[in-house]
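Comments concern the structure below.
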Protein chains: 2
Amino acid sequence: MNETFGKLLKEIRHEKNISQRELALSVGVDYSYISKIENDRLPPPAAETIIKIADSLKVPPEILLANSGKVSNDLKDVISNPEAIRFLNTVKQMNLSNAEWQSLQQQLKSLR
Amino acid sequence: MNETFGKLLKEIRHEKNISQRELALSVGVDYSYISKIENDRLPPPAAETIIKIADSLKVPPEILLANSGKVSNDLKDVISNPEAIRFLNTVKQMNLSNAEWQSLQQQLKSLR
DNA sequence: CAAAATGTTGAGTTTATACTCAACATTTGT
DNA sequence: ACAAATGTTGAGTATAAACTCAACATTTTG
C-alpha cells in the first residue's frame, strides 16, 4: 500500500504520455535524473522541483509532495507559528482519517 | 517584532541561567556552535537539535522551532498526507490569527 | 587582581542534497 | 532491420547543512 515516490511519478508520467526527456526539459533537470528518481535510485528531488514536476504533469503537487517527505517553502511558512505546530502535534497524536481532515477543512472555511 | 532565532535562544538561556557550555554539553554539540547560533553567525541547527535544546532548557520546543524555519521529522510525518497539505494551504491563504488557530484546536478535540 | 568561568572568532571537516555528463541499453515506429 | 526515441547506469560535481577544534577575548568571582 505504501507506494514509492518513484513508482508514483512513473505512473503519472505514463498516464500523461510524456517521456522522461520531455518532462526533464520542461522541469529544467537532466533526463537521467528523472530516470533515477523513478527507479528509486536517488531520493525525491527538492520540494520546489517536485512542484515543477507536478506543474509539468498537470497534477496537484500535494499528491507527489505527500509521498516525498519534503516540505515546500510555502508550508514551512505556515508552520512558522507555535500554534500551528501545536495543532499539528495534536493532529499527529489523533492520527486523523481522511474524512476527519475534510471535516476540518469544512470547519476552517466556516470560520469566516 | 520579528525576533531572530539567535536572540530568542540567548534570551531563554539567560532566563534559565545556563551557560553556553552547560547547554552545549547537555545537548551534545560544541559550545562554540551555541555562541555562533546565538549571534546569528550560523543558521539555526537541525530541527532535532533544536528539540534537544528546548528539552535542555525546559521550554516547549515549538517556541524555538517556529522561529527556526526547520521542520521536525514528527511534523513531516503529519504532512505525508495530501489532505493535510491541502488543509495547510487553505490555512496559508486565510492567514489565520492565533485565536483562530486555537478555535481550530477546539474543533479538533471535539471531533472525537 | 588573578584565575576560573564564560563567550567569541576563524578556519576547517564531514555528510548530505541535488543534481549533471557521458556512455550504453532497450523499445518503438517505419 | 535499422534508426530514432526513450530509458538506464556509473561516475562525478557543486553547494549547502551541520557541525568541530583551537585560539583568543571578555566577564565574573573569590
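Lettering follows sequence order; numbering is per chain, from 1.
Taking every side-chain heavy atom of Ser32(B) into account, dT8(C) is the closest of dT8(C), dT8(D), dG7(C). Listed nucleotides: dG7(C), dT6(D), dC19(D). Nearest to the side chain of His14(B): dG7(C). Here dC19(C) is the nucleotide among dT8(C), dT8(D), dC19(C) with the atom lying nearest to any side-chain atom of Val29(A). Set against dT8(C), dC19(D), dG10(D), the side chain of Arg41(A) has dG10(D) as its closest nucleotide. When distances run from any side-chain atom of Ser35(B) to the nucleotides dG7(D), dC19(D), dT9(C), the shortest one goes to dT9(C).
For the OP1/OP2 pair of dG7(C) and a distance below 4.0 Å, the side-chain nitrogens and oxygens of Lys10(B) include no atom meeting the criterion. Here Arg21(B) does not reach the OP1 or OP2 of dT27(D): none of its side-chain N or O atoms lies under 4.0 Å away.
Straight-line distance from the OH atom of Tyr33(A) to the C1' atom of dT6(D): 20 Å, rounded to whole Å. As rounded to whole Å, 7 Å separates atom P of dT17(C) from atom NZ of Lys70(A). Taking atom CG of residue Leu23(A) and atom P of nucleotide dT8(D), one finds them 13 Å apart after rounding to whole Å. Rounded to whole Å, the distance from CG on Asn39(B) to P on dT9(C) is 6 Å.
A side-chain donor from one of Ser97(B) and Glu100(B) sits under 3.5 Å from a side-chain acceptor of the other. A donor-acceptor contact under 3.5 angstrom links the side chains of Asn73(B) and Glu48(B), judged on distance only. A donor atom on one side chain and an acceptor atom on the other are not found under 3.5 Å apart for Lys7(B) and Asn39(B). Between the side chains of Ser72(A) and Asp74(A), not a single donor N or O lies within less than 3.5 Å of an accepting N or O.
Scanning atom types as modelled, one donor and one acceptor separated by under 3.5 angstrom connect the side chain of Lys36(B) and the base of dT20(D). A donor-acceptor contact under 3.5 Å is not formed by the side chain of Thr49(B) with the base of dC19(D).
Residue Pro43(B) comes nearest to Tyr33(B) through the heavy atom pair O-OH, 4.4 Å, listed as atom of the first residue, atom of the second, then distance.
Each of Glu22(B) and Leu42(A) lies near DNA chain C, and the nucleotide nearest Glu22(B) is the one positioned closer to the 5' end.
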